Structure formats: C-alpha cells, structure tokens
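Lettering of chains follows the sequences in order, A, B, ..., and the numbering in each one begins at 1. The model shown is predicted, which means the values in this text are computed figures rather than measured ones.
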Amino acid sequence: MEHYNMNLTLKVWRQPNKNSEGRFETFDVKDISSEMSFLEMFDVLNERLISEGNDPIAFDHDCREGICGACSMHINGRPHGPWHATTTCQLHMRAFKDGDTIVVEPWRANGFPVIKDLVTDRTSFDRIIQAGGYISVNTGNAVDGNALPIEKDKADASFAAAACIGCGACVAACKNASASLFVSAKVAHLALLPQGEPERKNRVLSMIAQMDNEGFGSCTFTGACEAVCPKEISVTNISRMHKDYLWAGLSTEK
Amino acid sequence: MLNGKIPEGPLEKKWEDYKGHVKLVNPANKRKIEIIVIGTGLAGASAAAALGELGYQVKVFCFQDSPRRAHSIAAQGGINAAKNYQNDGDSVFRLFYDTIKGGDYRARESNVHRLSEVSGNIIDQCVAQGVPFAREYGGLLSNRSFGGTQVQRTFYAAGQTGQQLLIGAYQALERQVALGNVKQYTRHEMLEIVMIDGKARGIIARDLVSGELERHFGHAVLLCSGGYGNVFYLSTNAMGSNTTAIWKAHRKGALFGNPCFTQIHPTCIPVSGDHQSKLTLMSESLRNDGRIWVPKKQGDTRRPSEIPEEERDYYLERRYPAFGNLVPRDVASRAAKERCDAGYGVGSSRQAVYLDYAAAIQRYGKIEASKRNLANADADTITLLGKEVVKEKYGNLFDMYEKITGENPYEIPMRIYPAVHYTMGGLWVDYELMTTIPGLYALGECNFSDHGANRLGASALMQGLADGYFVIPYTIGNYLADDIRTVSIPTTHAAFEEAEKSVRERIEKLMSIKGNQSVESLHKRLGKIMWDKCGMARNAQGLKEAIVEIQQLKKEFWSDVKIPGGINEFNPELDKANRVADFIELGELMCKDALHREESCGGHFREEYQTEEGEALRQDDKFMYVAAWEMKGEHEWQLHKEDLNYEVVKPTQRSYK
Amino acid sequence: MGLTGLFLITFLVIHVGLNACIFYDLPIFDPNDNGAMFNKASHFMGSTMVMRLLEIVLFAGFILHIIQGWSLELQNRQKRKQGYQVNLGNRGSKWYSRSMGILGTLIFLFLVLHISDFWIPSRITHNLPQAQYHGVEMHDMFIKMYNSFQNPVVVVLYLLGVLALAYHLFHGFHSAFRTMGVHNRKYLAMLKSLGYGFTIVVCVLFALMPIAMFLNWVSPL
C-alpha cells in the first residue's frame, strides 16, 4: 500500500453546549498521513488548537477498534464516513485525497441532543433497553448451558442482530430519525432465542413505546439505516419486529 | 505480613465451606444498604446487576456515555470455563492448574480455584441471559482452544465474545435500573474515596458534562474500573481506560499488588507512525491457525512471497514444539521481541513478525475440497475454498486488519508485534475481594488477584464475571452484616466536605498551571519511558533511570501542563489531565516494583534473570510473594508481602517445549 | 399505512383490469366492440348495492391512507429539528423511498382531477352520454373517456399521475409487506420482484389508456 500525505479543509460543527447555537468552523489541516485513522487526524488538529490557545473539538470516542460504539461523526453526509461497514474510528485517511473538503457534523435527531460540538447525548438508547431489552433471569437461576440446544441458524441470526454496537448511525441516517433498526436488533436478538420467548410480547410493545417517547420517528423502510450500519444489521429485523408488534398487540392477555 | 483471609480446609472445599458459613444480610436490611459500584465493564455491570437483584440499593458510575461502552466490550477471543463439553480431559482442577501455571506461580491458589469452580456457572448464566454463543449444528455450545492450554474450553461468539458478554451483563444491569434497584450515572468520573472512621463510605464524582462535583454515600464501595495499561500511552486499552479510581484508593491507603505485572499481547497490529493513538489487538484465536515466522536472514527486505519456505524461521514452532504457535502470551511476545531485536524483524519499521495464513488456507481448502468430493481440485480452487473457510472463522478480524493497514491478509501475511494489553497487577484484595480499606472492594482487572504474573487468554472475561456474579454477592454480605445498623450518612458530613474540597483544589490547581505542554504530549512521553524501560524486558539500570525520568516528568506536568477550557463545562482535556496525573504516579510505582522484583516471571522479564535459552528465571526462594505497596508520601512507598503458599500445585520451571 | 396500502393495491388490480376492457376495442380483438365490454363492466360496478357499499369502503380506505400518510409524514419530519449540511441522499436509499409523502400528495391531486372527471358525472350528476346494450340503458363511459383524452393537457396530467403512482408503488408495495411483518429474506426478495412487476404492468396499462385514445388506437366508431 502506497502511503501519502495530504492537505485537507475541514468544516466542523461547533456548539459550546446543549443550549447554545452552533455553527460551522473551517480548519485547514496539513501533512495528514494516509495511514492515520480519521480520529487521529482530529487528534492532530486538536493538539494544534490547544497549542494555539483555542478550544479543541469535542468528539466521542473510546475503544478505537470499532466495537464500543462511542464514535459518531457524520462525515460528508454519511454516518461514520464513506467506507462500508466501518465506524468512524476505523475509517482511515486513505479514504481521502489531497485537497478534499470534509464536512463533519454530529448525529442529528431530537432523540440525540448535542452536548458539545460533535458529542451527542444517546442515553435515550439506554432507556429503550431499560423498557424491556433483556431477559429477566436473576443470577444463579440458570440451568446448564447445554440443557437447551438452539438451532445453529437461529443462534447465528440472533448473534448477527446482537452485534449492534448502539452507536446510533441508523438514527443519524434515517430521514425520520427512527431508532427502529437499533430497537429491532435487540428485539430480534432476544426473540430468536428460546430464552427470550416468555417476555417476547411485552418486550416489543414496551420498547417501541419507549422509542416513541424518546422522540424518534417511525420506520418507512427506506433502507438508509442498513446501508450505513457499521455492523451490517439487516433491515429485515425491523420487519420481524413489526410482526412481533402486531401479533403482540392482537394477542396479549391484558 | 498481609492476611488474605483464606478459609481453612482443603483447596476444593474452601469456597463451599466459606459460602456455607458466611454471614448473611436479611432482605429487609438489604433494602436499607447502599452500595456504590465504579465502572460498568464485565465486573462492574455484573456486580451491580447481581447486587441489585439481591435487593441492595446500588449506584453505578461510568465515565462513558453508556454502561455498554466499557472496554470489556472489545475482548475478542472468548471465555474459559471448565465444562469439559468436549470430553477432552478438562476439569475444574485442570483449569485451576493451567491458570496457576500460566501465571508463573505468582497467583493465590485459593482465589484461582474458586474462579475455576464458578467458571461453569458463568456460561450457564450467560446462556440464560441470551448471550448468543457459537453453537454446533446439533444446537450445543461450541468450543475452541486458546494459548497456554491443551484442551478446548473456550466459549466464544465469533470474534466478539466480550461484546456479547458485556451486552448480557448490561442488559441485566438495565433491568435493575428499570426496577429501581440500581441508579445509573453515566459520564461521571469518580475522583475521590470518602473515608469515615477508617471505612470507605462514599465517593466524590464529577459530572463530566456539567463539571459539577457530586457526593455519594455508600455502605460499601466497589471498584471495577479495569486495568491501567494506558500508563504506556500506546496499548490495546480504550482511550478512556484509566487508573484514577484505583489510584485514589491507593492514595487513601489501599495497597497496590504487583503493579509491574503487565501483559504484553503478542498479536497486535504494529505502530505505523507518531500519530498512533492506540494499538489494535488481533485475537489470540488467530494463533490457532496462523503460523508465525521471520526470515532466516537478518535485515531481509524481500517481500514475504519472495521468501522461500526453507528461508523462513517459524521460531515458535522451532523453540516450543509442544505448544508451537499456542505458547502463552508472555512467551510469544518475548520471542517476537528477541527476533526483532536480533535484526530479523519485518516491515518498514523492522518491528514486526509475520502471522501467515497461507498454510491454513491450503489445509482448510483441501479438507473442504474432499468434503465436496472434488478429488482433483486444482490449486486455485483449493485456495479459494480455503479462503472461504478462513473468512468464516476470522473474517471480521481480517477485515479489521485490512481497514487499518490497507493490506489484504488473505494474500499477504499479516504483520504483528506485541503491545500492552492487560495488567495483572492491581489493588491488593483478600479472599473476599476487599482491599486493605474496610468496605472498599476491587473486582475484575483492577484487582491483582487471579492471574499471577501472566494471564491466559480468555481468562479475563471469566474473572470479571466470576467476581461480579458469583463472588461479591456472597463476600460482601460478610462485611455488610455488621453494618446493618449504620444509617445512611448524610453527605453533609465533614468527611464529604473535606474530600470534595481536596478534589476541587486539585482541579483548580491543574487549570491554573496554564503551561505550554498538552496533556497528550506529556502522556506520550510517560508512555515512551514506560515502554522503553519497564516494557517487555526490564533491567535494573533502565528502571532506575525511568524512576528519575518519571519524577522529572511529574514536576514538568505540574508546572507546565496546558489545559484549555473551563472547569464547569464539558472538558475532555481536563478529564484526561486528571487521569494522566495519576498515571505518572503509578508509572513510578510500577518501575519501583519491577526494580525490586529481582527475578523474571510471566510478563515481568528482568534481563538479568534468564536461563541460558532466554527463558524467564524465577527466584522462588526470594520472591514467592505478592508485593503489595503502601503509599507513604510523594515518591515513597512501603513494601508489604503476602507469601504465596502452594499447597496443591508444585511450582516448577514453566515449560512449553 | 401498510394495511390500507395493501387494500388500495387490491383495488388497483380491479381498476386496471376493468379499464383495460377498453383495449378490447383494438383491432386484434374486436374493432367493432365500440367500448361495449368496458361500458358493461362499468355499469356493473355501479349497479348493485354490494358494489356501492364496497365503493364506500374504498373511499374510506383512501381517506384513511391519506390521513395516515400525511400525519406520519408530518410527525416524522419533526423528529430532526436541526437538519444536516450534507445529506446522505441517494447513498443509502432511493429518492422515491424518501418521497412517499410528496408522491402520495401528487397522487391525491391527480385523484381529485380523476374523480371529478369520471366518478362524479357517473355517480352523481349523471351528466353523460348514454348507450344501450340488450335493452339496458347505461352511461357510455367509453365515449366520455375518449372525449376527455382528446385534450393533450389532460393526457399529460394523467401520465404524470400514473408516474407518481408507479414510484409510489415501487416503494409502497414491498414496504407494505415489510410493515406487516414479512421478514423472511426469500419471501422479501420475491415480493420485491413481484412489486416491481406488478407496478410496471399496472402503470403501463394505465398509461396506455390515455395514450391509446389520444392517438386514436382506440376510438369510438
């Protein structure tokens, strides 16, 4: 792989806090190596801003290996940037060329208010999980792990849904700012396993109710969420969730 | 001499006996008892959930925006358990023995045996929670092998086992939050332990969004804050992983056990330049099928494909025929360093070795071809089939490698080099996981307890969940049973006032320095000192120099650090400064500990103490103890020892040959 | 949304089938038909009580679908108060998938035109030419249609209406099934193809009607 250096123009959303107005600020960054990650490019810029006595750009990040789900930049109009199935932290500067202008925005959704610059408040996702995204089993109640054989295909499909990292890119990409892909990934993860069966109906009803309460929109199946999901969670999970939702709505005892 | 409070009786009966006689807290009293949990990784989330289920009032804190982002999520390979589902000779004893041996005989037997005993329950619990472990076609759980063992006891969920286990624990935690048993504080960092009458009674935490300091009371405080590998700046840890919580405890009197025991993981993606912010691990599971080699010729600059088979040195297979590429991590790391130092390294930096999948692709390709009755499959077909199999097993890891390096690992061997991954050292705890401060516990990676001088792969997840789900719910009762009459202490108590004041003053002091060097640049310098002189190989000379350099760095930090922004706002630079200040102090202690331990064991390799073949040489007669350090003042520590008495295992020179 | 959508799709089948009767006038079938088959079918649709009742259900379906659609669109548009500088655009989804509200509104406008053109004269004002078959007096819808489609403006408006319907269906057909919970990949793939096929057949047939009459491929004797 040939390495190269590049000069870039960055247009970054700056907003001092939740209640203030934001605006774009333009930065020229020089001698960026194609081997850097996108966030390392921001590190370089921030070091410069600090040395110049300016406020560095705040952004969420932690593991920097694409699994914690903290990083969340809307890069040139696409959540997590141009690469398929990639988080912002795994995006590398090879994706860009000398002279490019890059527009970086935070996730935009009523359910994700901006805290500062590119950092948003995603606690709404925690509250959706609290509404029922679990199996109610107290510690110590379990039977032997192999007492319950599970069809491999189902276990695999459940895993594929459970691979969601809760980053919120689906919401960011959706024209309706719907959290359906996130919610359905959890619903499908648990609904595909026999362990999740007893709470299946209540889970889907209360998680969707909570999603609505948090100010997320509804799904109109444009497929944008699936296209940008760094973990390639399938939009068919949403159909599955709808099926469960309809069935639960019609057949609950209450 | 430290008292580990190890129960009497034969090893395999200790935990059972302990559970049978431990004091209990009745449900009505549990409701009145408050417990603080710091950190929401596997240990923290599982402990908070389990204690919430029991009826305690729990408050749980994490610095991330959600508990689900704790760094346990990044663990790839798997979790060990002595289930013996494969009928290959595994047992509780064998897992215990492998862990003790893997730890180079520097772990406490009783704790490790308990860990091994509860390992099976962890799998059961996780399955019940809906963790989608890999399964066989028959619907039963699948296992794979890992370094340092000869049985298949590792349960996994593709290359995302940590994620799945953490999501399981997170969901259990969120359920308790929904039920009102646990209160969750995200984007909060613990900055001080509050002590009243010699007991831990609460914390001072900073709301990282508003910058406000908060006081929280707890009858007991559990630290589950993970490891401190970021003291090296570059490590596989998350950017936010830090030592602050345990360091505050250490400063308040909790002893720090074996601080120098650091695990350097052999299979990480090498550093590419000065901009590097962190290192990425390639799961140990890759060593199951990959072969590690360097050219036989020094300074060979040919491309790997141009180097013929007979000019390749598969040095792990050569040196350790019995375990081959699956030797424990410390052994594999040192062997890579040895080759690179001797001038056989590859890549532009010459600080890398090859991890090659060509042979595995051929092997799997042939198996697949015969499965599909393609007797006369040509070479291309075999390669193609082999790649498909490898993709299914390791696809996500290969993709990650390609994203980071821009090279296709199906075609070109991966370049790997060791990197800091885990810290076996941590707060000293007794059998009940209590530190030397009454009411203050340490769980998971932040304690020193189970892995001795080297941790085996897939054992960190096991320990985190064992501590949280199956140990602390029992042992904490033993302490709290005597505390049921303690009414919640109002946070207006003088001790809270004072603790908050000291935190505030420290933050104000940091902000008032207004120097010239960024936090990041100082952290990088600390990391370089640590890596060069307290890294994979250490010697007395280097360690002495490092201590002086770190003391100097500390002065520089406190006189020249530059932190932008204000105190009462969202200010990640200030958060980082708080953490790096603690890392600097810890770095000094690590070097002191490494200097004092005049032997080589596990991840601690003192160049002065090695066999003729370059293997670690323990000094059991002098150092068969846990070094637990008490802070006495600036740059001053006092050593306490806990002797390790091996009643069952007979320590020998570790051999993987 | 999905349920009413599917209901309206079934209506389209009937509507297109019935209207296609005009093509019976084509030379390859019966050039002397002079719209008799179509007129009889139209008469049947308005003559029995059952049909009139179903018509009410159909109108209810339309109204429900429109109200649902608009309120959904309105709600969803409020979920992102601050928009993006650069949008994802076509990189994640098709333009028509994102434009169901607008397409629906276009179809609604077309519907107003369409109803006032045909349904109102035939059911309310009865201001239509007559035809007689086997002694039964009925509206000559065929002539009405032909007359309407001599105006090029009307033809263009109808073609635009059909185009809007086509894109609405491209997304709406499979989306309706997804909304109703079809999640099996195989079925979804089949439904998607079926949706495209259905849309093309229905919309081409619809589009051919004004064209055929305007170009006198189909015309009264």
Taking atom types as modelled and ignoring hydrogens, do the side chains of Tyr137(B) and Asp153(A) form a donor-acceptor contact shorter than 3.5 angstrom?
-> no

How would you list, in number order, the residues of residues 123-131 of chain B that have a heavy atom less than 4.5 Å from chain A?
-> Asp124(B), Gln125(B), Val127(B), Ala128(B), Gln129(B), Gly130(B)

Heavy-atom distance under 4.5 Å to chain A: side chain of Phe155(B), backbone, both or neither?
-> neither

Give, for atom CD1 of Ile404(B) and atom CZ of Arg94(A), the distance between the pair rounded to the nearest 0.5 Å.
-> 9.0 Å

Is there side-chain contact between Gln184(B) and Gln130(A), with heavy atoms separated by less than 4.5 Å?
-> yes

Where is the tightest heavy-atom contact between Ser518(B) and Ile50(A), given as atom of each residue plus distance?
-> CB-CG2, 4.3 Å

CE-OG distance between Met36(A) and Ser272(B), expressed to the nearest 0.5 angstrom | 8.5 Å

Short question: side chain of Gln163(B), backbone of Cys164(A) - any donor-acceptor pair under 3.5 Å?
-> yes

Give a yes or no answer on whether the side chain of Asp62(A) reaches the backbone of Gly240(B) with a donor-acceptor pair at less than 3.5 Å.
-> yes

Side chain, backbone, both or neither: which part of Ile167(B) has a heavy atom under 4.5 Å from chain A?
-> side chain

Picking from Val137(A), Leu192(A), Leu193(A), Leu91(A), which has the most non-hydrogen pairs under 4.5 angstrom with chain B?
-> Val137(A)

Taking C-beta and beyond as the side chain, do Phe159(A) and Gln160(B) meet within less than 4.5 Å on heavy atoms?
-> yes

Please check if the side chain of Arg135(B) supplies one atom and the backbone of Ala155(A) the other of a donor-acceptor pair under 3.5 Å.
-> no

For chain A, which of Arg187(B), Met400(B), Gln176(B) has the most heavy-atom pairs under 4.5 Å?
-> Arg187(B)

Nearest-0.5 Å distance, CZ of residue Arg64(A) to NZ of residue Lys278(B) = 9.0 Å

Would you say Arg127(A) and Glu174(B) make side-chain contact, with heavy atoms under 4.5 Å?
-> no

Sequence neighbours excluded, which residues qualify as ring pair (Phe, Tyr, Trp, His ring centres under 6.0 Å) partners of His421(B)?
-> His265(B)

Side-chain touch Glu573(B)/Pro56(A), heavy atoms, less than 4.5 angstrom = yes

Shortest non-hydrogen pair, Ile67(A) vs Ile73(B), comes out as CG1-O, 3.6 Å

Taking Arg175(B) for its side chain and Ala131(A) for its backbone only, find out whether a donor-acceptor pair lies under 3.5 Å.
-> no

Verify, without hydrogens or angle tests, whether Glu53(B) (side chain) and Thr139(A) (backbone) share a donor-acceptor contact under 3.5 angstrom.
-> yes

Least distance between heavy atoms, Ser33(A) atom then His275(B) atom | OG-CE1, 4.2 Å

Indicate yes or no: at least one non-hydrogen side-chain atom of Gln171(B) is less than 4.5 angstrom from one of Ile135(A).
-> no

Arg122(A) and Ser66(B): side chain donor to acceptor below 3.5 Å = no

Between Tyr85(B), Phe63(B), Phe470(B), Phe133(B), which shows the greatest number of heavy-atom pairs under 4.5 Å with chain A?
-> Tyr85(B)

Do you know the tightest heavy-atom contact between Ser158(A) and Pro132(B)?
-> OG-CB, 3.9 Å

Output yes when a side-chain donor or acceptor of Arg69(B) lies under 3.5 Å from a complementary backbone atom of Ile165(A), and no otherwise.
-> yes

Max heavy-atom pairs within cutoff under 4.5 Å with chain B, candidates Ala147(A), Ala163(A), Gly196(A), goes to Ala163(A)

Identify the two heavy atoms, one from Cys63(A) and one from Ala238(B), that lie closest to each other, and give their separation to 0.1 Å.
-> CA-CB, 3.7 Å

Given salt bridge (Lys or Arg N to Asp or Glu O under 4.0 Å), test Asp126(A) with Arg68(B) step by step and report yes or no.
-> CA-CA 9 Å; Asp126(A) 286 338; Arg68(B) 65 180 295 152; over 6 Å; no

Can a donor-acceptor pair be found between the side chains of Glu65(A) and Thr280(B) at a distance below 3.5 Å?
-> no

May I ask you to establish whether Lys116(A) and Phe570(B) are in a cation-pi arrangement, using a distance under 6.0 Å from NZ or CZ to the six-membered ring centre and at most 45° from the ring axis?
-> no

